Structure formats: structure tokens, C-alpha cells
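Presented below is the structure to which this report refers.
Every number for a ligand or one of its atoms is a count from 1 in the order of the listing. This is a predicted model, so every value here is computed, not measured.
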Amino acid sequence: MSKLLILNGPNLNLLGTRQPEVYGRVTLDDINALCAKEASRLGLSVDCLQSNHEGALIDAVHAARGQHAGIVLNAGAYTHTSVALMDAIASAAVPLVEVHLSNIHAREAFRHKSYIAPVALGQICGFGATGYILAIQALAAHLAAQSGKAST
Ligand code: DQA
């Protein structure tokens, strides 16, 4: 069974209590449970990891190579700053979908720039936790297209 990595960056461990007016009341555990359910519906499984540390996120991207068929990444604020994470994604060459709970393009100008977007299959933002589900569906469709099968 193909495995996906659900990778969350800094401060996302605080979801549920962190700025609920921006990010809602859903917790990271809730999101991880939703991801596991959607992946299983599509015949996939997930490993879920969160870190507040840039190097740990980079290590996780490197380790995904050969272990995970795809990555769903919410890099939090590192999205807007981390050339190192961008390089790791480009080097690992594991298909990746970028997710944000909030619509980063409707927020402060510094959030409009993503270092992840140029090395991602695509970006999903503004749909809250549903974005993770959409990202899993997009990865499943991508993997199915790669292997010549249709995904549902
Ligand atoms: C975020 C958006 C980022 O700009 C912010 O730094 C986050 C969360 C989101 O999910 O909307 O930490 O990635």
C-alpha cells in the first residue's frame, strides 16, 4: 500500500487554540485523523509528522524518498522564508502538494510569496482542514495517473 507523509511545520501543533479567528478550532489531531480516513478511502495510508524546526522538516523530506509516494506539506511560516526547504523538496523529488488552512494570498503581502510553490505539484489554500483532504485526492489522482490507473 502506498504511504503519504502529512508534514506540518511550525506552530501548527497549536491548532485549535492558535488564532482561531484565522485558523478555526480544528486541532492537528483532528486533521491527522481526517487525513488517515481519506487516505484509507483511496487505498493509501499516512504517516503524520509535525515539527517546529526547519532542519527536522528538511530531514523528513529527505527521509520520505523511497518511503512515501507523496507528501502533503503545510510548512507554516517557513513557506515564506525557507530556500533550504525548497531545495530539499526539489532534491528529494517526491511529489508534494502545498497546503495552507488560510488563504495566504488574501493576507499580509509577506505571505503571498511561497518558496514551496515552485517545487510543488500545486498549492491549496483557504479551505481550512478540507485543504488536506483535497491535497490527498490530488496526490492520489497524480499517483494513479503515473501508474496508468484512475483514482475515485
Ligand atoms: C499557514 C499560513 C502561514 O502564513 C502561517 O505562517 C502559518 C499557517 C496556514 O496554514 O494558513 O503558520 O501555513
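Counting only residues at least two apart or on different chains, no side-chain hydrogen bond (donor to acceptor under 3.5 Å, both in side chains) pair has a member in residues 56-67.
For atom 11 (O) of ligand 1, the closest non-hydrogen atom on the protein side is S102 OG, 2.6 Å. Residue, atom and distance of the protein heavy atom nearest to atom 8 (C) of ligand 1 are Y23 OH, 3.5 Å. Looking only at heavy atoms of the protein, atom 9 (C) of ligand 1 is closest to L101 N, 3.4 Å. For atom 4 (O) of ligand 1, the nearest non-hydrogen atom of the protein is H80 NE2, 2.7 Å.
Remark: the H105 side chain and the Q123 side chain contain an N/O donor-acceptor pair separated by less than 3.5 Å. No side-chain donor from either of N32 and Y132 sits under 3.5 Å from a side-chain acceptor of the other.
Atom CG in L96 sits 7.5 Å away from atom CG in L139 (nearest 0.5 Å).
Contact annotation for R111 and ligand 1: only side-chain heavy atoms (C-beta onward) come within less than 4.0 Å of the ligand. Using a 4.0 Å cut-off between heavy atoms, I104 contacts ligand 1 through its side chain alone, with no backbone atom that close. Residue contacts with ligand 1 for N74 involve side-chain atoms from C-beta outward but no N, CA, C or O (heavy atoms, distance under 4.0 Å). By the criterion of a heavy-atom distance under 4.0 Å, neither the backbone nor the side chain of Q19 is placed next to ligand 1.
Both I71 and Y115 belong to a common hydrophobic cluster when Ile, Leu, Val, Met, Phe, Trp and Tyr are linked at side-chain heavy-atom distances under 4.5 angstrom.
Applying the 6.0 Å contact sphere to NE2 of H112 captures more than 12 heavy atoms from other residues, nucleotides or ligands.
Of all heavy-atom pairs between T79 and E98, the closest is CG2-OE2, 3.4 Å.
The shortest N/O to N/O separation between A77 and ligand 1 falls below 3.5 Å.
The option with the heavy atom closest to atom 12 (O) of ligand 1, from among R18, H112, H100, is R18.
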